[in-house]
There are 2 protein chains.
Amino acid sequence: MAKIKDVAAAAGVSPSTVSRVLCNGPVSDKVRKRVEAAMAKLDYRPNLAARRLRSQHTDTIGLIVSDIRNPFFTAVSRAVEDEAYRNGMRVILCNTDENPDKEAMYLRLMQEERVTGVIFAPTRQMVASIDQQALGFPVVMIDRVSADAATDAVVLDNRRAAAQLVGHLLQQGYRDIGGLFGNTSNTGMERHAGFSEALQQAGLAAPARFVAPSVEAAEQAVLQWLAEPTRPQALLVSNGVLLLGAVRAIKSAGLHWPQDVALVGFDNEVWTDLLGDGLTVVEQPVNEIGRTAMAMLLERLDEPERSQRIVVLQGKLVVRGSSLPQ
Amino acid sequence: MAKIKDVAAAAGVSPSTVSRVLCNGPVSDKVRKRVEAAMAKLDYRPNLAARRLRSQHTDTIGLIVSDIRNPFFTAVSRAVEDEAYRNGMRVILCNTDENPDKEAMYLRLMQEERVTGVIFAPTRQMVASIDQQALGFPVVMIDRVSADAATDAVVLDNRRAAAQLVGHLLQQGYRDIGGLFGNTSNTGMERHAGFSEALQQAGLAAPARFVAPSVEAAEQAVLQWLAEPTRPQALLVSNGVLLLGAVRAIKSAGLHWPQDVALVGFDNEVWTDLLGDGLTVVEQPVNEIGRTAMAMLLERLDEPERSQRIVVLQGKLVVRGSSLPQ
DNA sequence: ATGAAAGCGCTAACAA
DNA sequence: TTGTTAGCGCTTTCAT
């Protein structure tokens, strides 16, 4: 494999000149042409490891999420990657499975890679303990954040979104409303807070249950809840993964929405409008979340000293049949 | 940030010894302990760019797919990543959008990264033109391959799977069967071949249409097809993305399966069993595909000279209501 | 088992 | 605009 010296020799110039061509440095047009011809002839590929070592910048960012198969993260990842490559940066993707040990391991790996920065959807335990100074690179958190986080962040207005769903249910005449939330992320906690507040303001009880963030856990929990005499008239479910579990539970219990139980949730996944008259959900602006996170990271690199910034995006209430009593 | 020299000084040894600790080389237990203590104290993180440059191996593989949001690739990616990290390798993910220019660009990037190997789901144009020698690393193709590919590969038995779906429809009494296929991948071509052969063997016509691999293109094509007087009794759709489009079309045309039109397809996505009595599909062994691709890459690295190998996996027919006349 | 020395392929400072 | 020189942080001979 050709190296910079070979190209230099073939073009009759010094290695530095070849390097300048590579980096768009000052080179006369005539020489540049010659060098580019030599590169093409030798099928030269600059060695990125060498460039990174020497130049001390990797143009690489880390993207740490719980599971790329969660459609929310799938969509956000794609947006982040597009924006990254558009800015000449590469992305290293890491799946943590909501496991703090894996989170720590991948953060360590990011340090070894000397990444330029990281976009991170942390678990609840991790949020407060992230120290950018110690890490050595800036972090933008997404999806799961709390007030005590010390980094930039892009989040949905989770309380408001949950409150909106509750408001919608109240408006439709539901009074007996239950909530199902994930127990590992701050997102679940915030959505629970919005849910509780909205119901308390209406003078109603706010029965809530918390489960592991998996389809199976949600399915089992909902199946059990629906079998109890205190079964709620309406169910609010905290994200797309849990929502799928809830749908499976309702289906396998032989029940139907909205007559047996109304159902509302988060994440406007592709299947939510295909079921019966559709599921009422809050849609997250997934592309905007990804793009914004990447943009904030780039801004932070430009201005390391500027104060912490949290961008709060609004969800969009999409009303469908699952919450409209007939 | 501490470097190897600092650790060496702190531990009272030479940099080589620290390096040996890092690489599990021969070091006495006593010295190893001292070095590890120094590493911990200084919060040392080895610089991967430097290691890669010097050692000439990157322990990195590239994964090139059309779009991570396609659930098939989402699942395969996750399996590849898990298997990679388990083997101490990192993964660079690239989305090509079925665009040959992007494919070429990312292959070039993989060369600059000096990746150990690449797992690649190529478009039709690209399949035959992949030259591992010129690229400088081994390639394992997935999902889309043809006989003239010159690399290792892991594929579904697409012809047989399509034929199975046709066989199932014939058994259920359908005679007038149409097929919808993607026009950019060899996968679509092979599934079309299996579809055609099976119908020809039964002495039946095999009307087929080809569309761009997007939900919208499929929806429009099916909408139009269903409005024609020659509308088929049953529709076979070549992958999960197109299948979603077909479902939308049938729904928005106010039709129902199986009475108005039976529907079968590929990819057992989460929503396929939620719609009515469910969609009949061929399920691909997504985890096995990802794991096998990674395993083949590792084997190829061990034995560069062994002959080309293609692993053909079987799909699983999952029969549901969409193809069972009432 | 350990150390000294060389160099992976490139870029950045400096000089011309 | 171009060349010369040094060195990024590590691993790998080759000694000892």
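Labels below follow one simple rule: chain letters A, B, ... track the order of the sequence lines, proteins then strands, and each chain is numbered from 1.
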For chain A, the stretch of DNA chain C it reaches, first to last nucleotide, under 4.0 Å of its heavy atoms:
C/dG9 to C/dA13
Residues of residues 4-29 of chain A with a heavy atom under 4.0 Å from any atom of DNA chain D, listed by number, are A/Val13, A/Ser14, A/Ser16, A/Thr17, A/Arg20, A/Pro26, A/Val27, A/Ser28
Quick one: which residue pairs count as a side-chain hydrogen bond (donor to acceptor under 3.5 Å, both in side chains) with a foot in residues 300-310 of chain A, not counting sequence neighbours?
A/Asp152-A/Arg300, A/Glu299-A/Arg306
Check for a donor-acceptor pair, side chain of A/Thr187 on one end and backbone N or O of A/Ser185 on the other, with a separation under 3.5 Å.
no
Taking the nucleotide of DNA chain C with the closest heavy atom to each, which residue, B/Ser55 or B/Val31, is nearer the 5' end?
B/Val31
Without swapping roles, check the side chain of B/Asp131 against the backbone of B/Gln133 for a donor-acceptor pair under 3.5 Å.
yes
In chain order, what residues pass the side chain to side chain contact (heavy atoms under 4.5 Å, CB included) check against A/Ser77, with sequence neighbours excluded?
A/Leu63, A/Ile68, A/Leu93
Given salt bridge (charged side-chain N to carboxylate O under 4.0 Å, His left out), test B/Arg291 with B/Glu288 step by step and report yes or no.
CA-CA 5 Å; B/Arg291 277 203 317 271; B/Glu288 200 179 343; 5.4 Å; no
Residue pair B/Arg114/B/Arg32 against DNA chain C: nearer the 5' end by closest nucleotide is B/Arg32
Can you sort out the partners of A/Glu98 under salt bridge (Lys or Arg N to Asp or Glu O under 4.0 Å), two or more places apart, ordered by chain and number?
A/Arg144
List for me each residue that meets side chain to side chain donor-acceptor pair (under 3.5 Å) alongside B/Glu81, sequence neighbours excluded, and say none if there are none.
none
Axis-to-axis angle for the helix from C/dA1-D/dT16 to C/dA16-D/dT1, ends of five pairs each, to 10°, equals 30°
Please list every donor-acceptor pair under 3.5 Å in which a side-chain atom of residues 18-31 of chain A meets a protein atom from a residue at least two apart or in another chain.
{"from": "A/Ser28", "atom 1": "OG", "to": "A/Val31", "atom 2": "N", "distance (Å)": "3.3"}

So, the side chain of B/Glu103 versus the backbone of B/Thr123: is there a donor-acceptor pair under 3.5 Å, distance only?
yes
Name the one of A/Asn95, A/Thr96, A/Asp97 that satisfies side-chain hydrogen bond (donor to acceptor under 3.5 Å, both in side chains) with A/Lys102?
A/Asp97
When you list every nucleotide of DNA chain D with an atom under 4.0 Å from a heavy atom of chain B, which one comes first 5' to 3', and which comes last?
D/dG9 to D/dT13
Identify, with sequence neighbours excluded, every residue that meets salt bridge (Lys or Arg N to Asp or Glu O under 4.0 Å) alongside A/Glu113.
B/Arg52, B/Arg90
Could you pull out all residues at least two apart from B/Ala11 that satisfy side chain to side chain contact (heavy atoms under 4.5 Å, CB included)?
B/Val13, B/Val35, B/Ala38
Pairs involving residues 60-76 of chain A, ordered by first then second residue, that meet salt bridge (charged side-chain N to carboxylate O under 4.0 Å, His left out) (sequence neighbours left out):
A/Asp67-A/Arg69, A/Asp67-B/Arg78
